[in-house]
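Below: one structure, written as structure tokens.
Please read all numbers here as calculations on a predicted model, not as lab measurements. Throughout, a chain's letter reflects where its sequence line sits, starting with A, and its residues are numbered from 1.
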Amino acid sequence: MRFMSYAVAAGLAVAFTVTTAQAADLSGAGATFPYPIYAKWADAYKKETGIGLNYQSIGSGGGIKQIENKTVTFGASDKPLPGEELDKYGLAQFPMVMGGIVPVVNLEGIKPGELVLDGDTIAKIFMGEITKWDDETIKQLNPDAKLPSSAIAVVHRSDGSGTTFNFTYYLSDVSADWKSNVGSNTAVEWPVGIGAKGNEGVANNVANTKGSVGYVEYAYALQNKLTFTKMMNKAGKTVAPTSESFQAAAAGADWSSQPGFGVILANQPGDESWPMTAGTWILMYKQPSDPAASSEALKFFAWAYKNGDKMAEELDYVPMPDSVVEQVQKMWSADIKDTAGKPIFAMN
Amino acid sequence: MMDAAVAENNFVHDEAKRAKTLRRFRIGDLTFKTITQTAAITVLVLLAGVIVALVHGSLPAWRAYGFGFFTAESWNPVTEKFGALPAIYGTLLTSFIAMLIGVPVSLGIAIFLTEICPERLRRTIGIAIELLAGIPSIIYGIWGLFIFAPWFQVHVQPLLIDTFANIPVMNQLFAGPPYGIGLLTAGLILAIMVLPFITSITREVFDTVPPVLKEAAYGIGCTRWEVMKRVVIPYTRVGIIGGVMLGLGRALGETMAVTFVIGNAHRIASSIMAPGTTISASIANEFTEAVGDLYTSSLIALGLILFLITFVVLAFARLMLMRIERKAGK
């Protein structure tokens, strides 16, 4: 017993010193979707520099609130803020990493990548207009597949989510009906289906429910061995969800067209482009009240852009193309300044 | 003479000692009273604080929707049109299902344990029920989603749909498709969750029935059923209602387990197997990502409504108890 209490005391002492050493840690909050890769980068970065990251994955909405209240050095959001809101708070915004959203199904005899869907069909399924798997529309896209006549069980997110935002944004883009009846947001009023919490919730529900269809981040589809589908993209080509097709969508995008690089990567042009690619953004003050902390944060992001690509790919994320990184870093040195008006990030 | 003087002296001495002791008692009593009073008042202050916070937070929603918030069915974050009806409906329906199943089963267990069960088995079952009460609600949720819902979807729901297919009204209540999760599943999980609460309380109160009453009833030839119905249950009804209300309170407010298995859809369907939502599940699901004042405020307004529902249920229980007692007093 006595030994135990010594051990506990020693442990506490160690923990305490560690906490004090972490006083200089970076602090951020926001989106849950990029949390695994931010954590992995932070881990590697800490080994190299001794500076850790305290990232609270409380959701994009929470991240935006926290940065607006200045309780963190950076916020993270899956939904880019519009230009006027960035200006209102004096925030700079840049994309950090990307991922793909894939439709997943649970159909007997259908393997991953065998079924093909297009945006309009998905919109109709999620609006309850297509209710059976052997509907003509689905048959036309899949002339060779053996489709059952069972009912389609739609599974969507029950919590507010950047994934839902990107998914519904894409459906609004391809279907006028969807745009006028449902619209796009981090949460919408779903006409049909069951709601599940988080990517993992949707993944589990689809895995458990025969005849179901849902949408998840690509990584979750792989980890849960779900049957993802191929998609018909804007160019009318059938594409499979792969790192290449996600990157093709990012490469085809015109990043400078929106304030704060707020380009939503849904339905991008290009033969190879995956239609439901999604970015995730970082929010920071242009004139931070603590320039030293912001400078450390930018150093971390620069390091991640430079050294983090392989780690991102290991976790099925898509790194930002180099051309975009260059534009982002130019923006850093031009826009993010300390109180004296000096840029706090120096490009090297 | 001498003796009398000594006695007198002793008396005075005792008097002083007594006064001192009495004073000590009085101070002790006063301190005790103050401490317990503070504890009681703290509860009131906390309750008032919660109400004020809920009312204040939900003001924007009341301003925007007024009384219509109770009756509107839409829950649309895109157009910011929010109505509480589906969540209220889901909360009441799932709790009703839970009570419908949970109460008779709990009473059955309690009766069996106190009256019929052999001593050795009594302890085993008793411990098992207490363990059920100790399981965190998230575990019920995970079990419900991974084990119960898939089994329910394949083995029970198709059976229910087929059985009632040709019976009017019932075929509406049990209409497919079988998702596995939904209002009925949530109600069933809740029934399991309230079971230990109602059982342990009713068991305790059944034990308070004086044996002489029961023995007398058996003595004039009552069957077990008659003893339960005419002696034990009338004697303990206040306690039973208390246990049921405790269970109902848990069912109304349960969040995590329900969120997992209810399907989280802001809709009112005719079928009780359809996905739905409850007030607490909606708040748990959406609060973190609720962007915009009206959205957040509507969720807080939902919280206030749940508070009101609980209050009404408790008040109703009180009323019922009072009525029973008055009737019994006649």
Side-chain angles (χ1 to χ4, degrees), chain A residues 30-32 56-65 77-79 81 85 128 131-132 150-165 168 172 179-198 200-202 204-205 207-212, chain B residues 73-83 86 141-142 144-154 157-158 176-183 185 255-256 258-267 269 273-277 281-293 295-296 299:
Chain A
T32 48
Q56 312 158 33
S57 62
I58 53 174
S60 301
I64 294 169
K65 272 180 212 155
S77 172
D78 292 341
K79 181 183 172 181
L81 288 186
E85 203 164 335
T131 57
K132 298 269 181 199
S150 58
I152 302 177
V154 169
V155 184
H156 55 75
R157 290 284 288 270
S158 61
D159 48 337
S161 144
T163 314
T164 298
F165 168 73
T168 52
S172 296
K179 193 171 186 175
S180 57
N181 292 328
V182 185
S184 81
N185 204 337
T186 50
V188 297
E189 183 168 29
W190 297 97
V192 292
I194 50 182
K197 197 165 166 56
E200 61 283 4
V202 173
N204 287 323
N205 269 298
N208 283 334
T209 315
K210 290 240 150 46
S212 59
Chain B
E73 233 194 285
S74 113
W75 188 267
N76 193 333
V78 183
T79 57
E80 296 208 313
K81 292 246 178 319
F82 298 108
I142 292 171
L145 179 63
F146 286 104
I147 315 289
F148 183 74
W151 175 81
F152 198 61
Q153 182 192 15
V154 178
Q157 286 188 331
Y179 283 124
I181 58 183
L183 290 162
T185 314
T255 309
M256 244 18 250
V258 173
T259 309
F260 271 79
V261 296
I262 196 163
N264 303 305
H266 284 276
R267 283 190 299 274
M273 296 199 303
T277 189
S282 303
I283 297 174
N285 267 315
E286 297 171 39
F287 204 80
T288 43
E289 289 278 354
V291 192
D293 289 342
Y295 196 175
T296 320
L299 287 168

Which atom names give the shortest non-hydrogen contact between [X] and [Y], and what distance separates them?
X      : Y      : result
A:N208 : B:P150 : CG-CG, 4.1 Å
B:Y179 : A:G193 : OH-CA, 4.4 Å
A:K210 : B:Q153 : N-NE2, 4.0 Å
B:E73  : A:E189 : O-OE2, 4.4 Å

**Message:** What's the separation between atom NZ in A:K197 and atom CG in B:L145, rounded to the nearest 0.5 Å?
**Reply:** 13.5 Å
Part of [X] within contact of chain B (heavy atom distance under 4.5 Å):
X      : answer
A:V182 : backbone
A:S184 : backbone
A:K79  : neither

Sort out for me which of [options] touches chain B most, counting heavy-atom pairs under 4.5 Å.
options                      : answer
A:A196, A:G162, A:A187       : A:A187
A:N205, A:T186, A:T168       : A:N205
A:I64, A:V192, A:V155, A:I58 : A:V192

**Request:** Could you tell me which residues satisfy side chain to side chain contact (heavy atoms under 4.5 Å, CB included) with A:S57, sequence neighbours excluded, listed by chain and number?
**Result:** A:T32, A:Y35, A:Y55
**Prompt:** Most heavy-atom pairs under 4.5 angstrom with chain A, which of B:T259, B:I181, B:I262, B:T79?
**Reply:** B:I181
**Request:** With sequence neighbours left out, write down each residue that passes side chain to side chain donor-acceptor pair (under 3.5 Å) with B:T277, or none if nothing qualifies.
**Result:**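 Once residues adjacent in sequence are excluded, the partners of B:T277 under the side chain to side chain donor-acceptor pair (under 3.5 Å) criterion are B:S282.
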**Item:** A:D159 side chain near B:N264 side chain, heavy-atom distance below 4.5 Å
**Value:**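 When only atoms from C-beta onward are counted, B:N264 and A:D159 do not touch, as no gap falls below 4.5 Å.
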**Which atoms of B:F260 approach chain A - backbone, side chain, both or neither, heavy atom under 4.5 Å** = neither
**Toward chain A, the part of B:A284 with a non-hydrogen atom under 4.5 Å** =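 The backbone, not the side chain.
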